[in-house]
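Everything on this sheet refers to the single structure shown next.
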Amino acid sequence: MADDKKLTTRAADFSAWYNEVVLRAELADYSPVKGSMVIRPNGYGIWERMQRALDDMFKATGHQNAYFPLLIPESFMHKEAQHVEGFAPECAVVTRGGGKELEEPLFIRPTSETIIYHMFAKWTQSYRDLPILINQWANVVRWEMRTRLFLRTLEFLWQEGHTAHTTHDEAEEEAVRMLNVYRTFMEGWMAMPVITGLKSESEKFAGALRTYACEAMMQDNKALQAGTSHNLGQNFAKAFELQFQDESGQMAYAWNTSWGVSTRMVGGLVMTHGDDNGLCTPPRLAPIEIVIVPIWKNDDEKSRLTAAALKVKDELTSWTGRGATDRLRVHLDLRDAMKPGAKYYEWELRGIPLRFELGPKDLDKQAVFAARRDTRGKQSLAMDGLPAAAAALLERIQHDMFAAALARREANSVRGNITYAAFRELMDGPGGFVYAGWCGDHACEAKVKEETKATIRVMPDAEFRSAEAPTSCMHCGRSSKAEAVWAKAY
RNA sequence: CGGGACGUAGCGCAGUCCGGUAGCGCACCUGAAUGGGGUUCAGGGGGUCGCGGGUUCAAAUCCCGCCGUCCCGACCA
């Protein structure tokens with residue numbers, strides 16, 4: 001940084017910009033262990049709001065929370081062939097405990113399918129015991145080679161839902177339902193548009209029948225897989241003897257799903273909405289929605305403006321127009337050693353959606369001067385009816401942030417028949433999402449990845465597909481079996 | 001694990017080529033003024049120069065070894 005007050009710009013170096021925003025907005029910091037991170041209060045506050053919103057939705061769809069242990073017997077990991085092949089290389093393993101070598105090494109969970117379906121098997125005798133609809137909030141460890149704050153760390157926080165059903169169709173319905181819960185959350189709370197769809201065979205979860213995903217476009221035009229939902233079929237049920245007696249008295253294997261989102265979403269939030277002034281948090285996820293900055297020139301003004309600002313804060317926080325349990329989240333910045341301008345920059349860096357400046361002139365007019373974080377637009381708001389006006393403006397900001405992100409994604413998406421040469425040129429340059437035909441052959445997918453670094457993010461769900469389906473495979477020219485969204489990804 | 005850069009105060013860096021009292025900016029503490037977009041002045045505190053060894057009267061600086069971090073590549077939420 002030439003000027004240590006200014007951030008590296010997104011245009012100059014997107015990676016450096018991202019790191020600086022995360023560190024300087026105090027979302028997270030590097031820990032002494034390479035590849036792991038400390039989530040600081042500003043970042044954890046966003047995660048807590050994410051958790052609350054999602055947890056309510058999980059409950060509303062009939063799920064209950066439970067907790068399964070961190071350590072998994074090595075033998076469990078080996079029971080499902082695809083699963084162990086996919087995860088074993090990135091697992092941390094405990095071999096000593098109590099000062100002795102362990103008889104059986106214990107894997108630190110990279111995900112909990114094995115232990116959870118082992119337990120489900122113990123709890124299930126009859127079809128009357130199904131479905132089981134469980135979620136857990138937990139940490140997991142995956143030993144990654146290359147790490148980035150929030151996006152890929154050795155240890156991360158997530159939720160993993162695990163369910164067991166009597167039929168394939170019921171499991172399929174559950175997997176799709178939860179994918180749509182994620183989509184609702186990402187659009188409605190994160191103001192982050194996503195494309196939902198099916199993963200190709202090579203990108204699906206190790207051990208799944210089918211994997212669905214939500215993919216978002218970051219400001220560098222790369223894709224971020226923000227959430228996944230898997231129809232596990234009977235793969236784990238068979239590996240863990242998860243059987244039930246059906247209505248006709250026959251034994252049958254259960255059908256499972258699992259689905260998860262992680263603290264990676266915080267990184268997605270930064271890269272979707274941040275700008276060259278720092279973080280920009282959508283109001284519904286902002287731990288602080290409004291910061292009040294009083295302005296004074298002398299002791300007399302200081303006492304007058306402090307009193308007025310306290311009164312404004314009190315009016316805002318005591319307002320129940322949004323519901324008694326959803327009060328406006330307001331912070332009053334009374335620090336005296338800092339000039340107002342310096343405070344503006346600091347709160348903007350931290351991404352507070354709305355700032356109220358309150359000085360003598362505003363007080364005379366019985367108004368506050370409101371500045372939006374997203375557009376940096378300013379307007380005077382009358383004290384009379386301020387809480388309702390503030391709530392309306394926050395909703396407006398939430399809405400506009402989503403609209404801006406959606407417009408950006410569409411502006412950087414390409415549809416229709418594209419030559420492979422044009423595709424390569426695009427991936428070498430600005431990047432973006434390309435909707436193109438795919439023959440369904442893994443060889444084509446692998447070749448494109450090798451040549452361009454781009455991968456199939458999803459085969460999009462119906463509503464995201466092009467009006468006219470592409471007819472031929474972008475790479476080999478054979479007839480297209482499915483439209484695919486191609487992009488470079490995190 | 002390959003390629004590149006770097007490691008000196010909380011942060012950002014200079015000093016290393018050419019060995020000789022460890023510096024600058026920001027931040028921090030004290031005081032005064034200032035205060036509607038990054039305030040000014042004065043005073044002050046803070047360092048095993050990543051770690052270990054070697055050369056030398058003398059090492060941040062030269063030599064050897066190690067460790068760590070970031071960026072770019074092969075794997076992944």
Completion exercise
Of A:K343, A:K339, A:K313, the one forming a salt bridge (charged side-chain N to carboxylate O under 4.0 Å, His left out) with A:D333 is A:K343

Handout entry: side-chain contact (heavy atoms from CB on, under 4.5 Å) evaluation trace for A:H273 with A:T281
Key = CA-CA 7 Å; A:H273 300 300; A:T281 320; over 6 Å; no

Practice task
Check every strand shown and say whether A:T153 touches a base, only sugar-phosphate, or nothing at a heavy-atom separation below 4.0 Å.
Solution key: base

Between protein and nucleic acid, restricted to nucleotides 27-30 of chain B and to nitrogen or oxygen atoms under 3.5 Å apart, what atom pairs and distances do you find?
none

Exercise for the section: Look at all strands and tell whether A:L151 reaches a base, only sugar-phosphate, or nothing, counting heavy atoms closer than 4.0 Å. Expected result: base

At a cut-off of 3.5 Å, list every protein nitrogen or oxygen paired with a nitrogen or oxygen from nucleotides 35-37 of chain B, distance to 0.1 Å.
unit_1	atom_1	unit_2	atom_2	d
B:G35	O2'	A:W296	O	2.7
B:G35	N7	A:K297	O	2.8
B:G35	N1	A:W296	NE1	3.4
B:G35	N1	A:D336	OD1	3.2
B:G35	N2	A:D336	O	2.7
B:G35	N2	A:D336	OD1	2.8
B:G36	OP1	A:K339	NZ	3.0
B:G36	O6	A:G359	O	3.3
B:G36	O6	A:P360	N	3.0
B:G36	O6	A:K361	N	2.4
B:G36	O6	A:D362	N	3.3
B:G36	N1	A:D362	OD2	2.3
B:G36	N2	A:D362	OD2	2.7
B:G37	N7	A:K378	NZ	2.6
B:G37	O6	A:R355	NH2	2.5
B:G37	O6	A:K378	NZ	2.9
B:G37	N1	A:E348	OE2	2.8
B:G37	N2	A:E348	OE1	2.8
B:G37	N2	A:R376	NH2	3.4

Tabulate atom names and distances for all N/O pairs under 3.5 angstrom spanning the protein and nucleotides 7-10 of chain B.
none

Taking only nitrogen or oxygen atoms into account, show me every contact under 3.5 Å that the protein makes with nucleotides 70-74 of chain B, one pair per line with its distance.
unit_1	atom_1	unit_2	atom_2	d
B:C71	OP1	A:N19	ND2	2.9
B:C72	OP1	A:S15	OG	3.2
B:C72	OP2	A:R146	NH2	2.2
B:A74	OP1	A:K453	NZ	2.8

Practice task
Under 4.0 Å between any heavy atoms, over every strand shown, what does A:F150 touch: base, sugar-phosphate, or nothing? Just pick one.
Solution key: base

Fill in the blank from the handout: The complete set of ring-ring contact (aromatic ring centres under 6.0 Å, His included) pairs with one or both residues in residues 333-381 of chain A, sequence neighbours excluded, reads A:H331-A:W347

Exercise for the section: Answer yes when A:R10 and A:D220 have at least one side-chain N-carboxylate O distance shorter than 4.0 Å, and no when they do not. Expected result: no

Handout entry: Side-chain donor or acceptor of A:E301 paired with backbone N/O of A:K297 under 3.5 Å
Key = yes

For residues 89-96 of chain A, tabulate all N or O donor-acceptor pairs below 3.5 Å that involve a side-chain atom, not counting sequence neighbours.
unit_1	atom_1	unit_2	atom_2	d
A:R96	NH1	A:E101	OE2	3.1
A:R96	NH2	A:G99	O	2.8

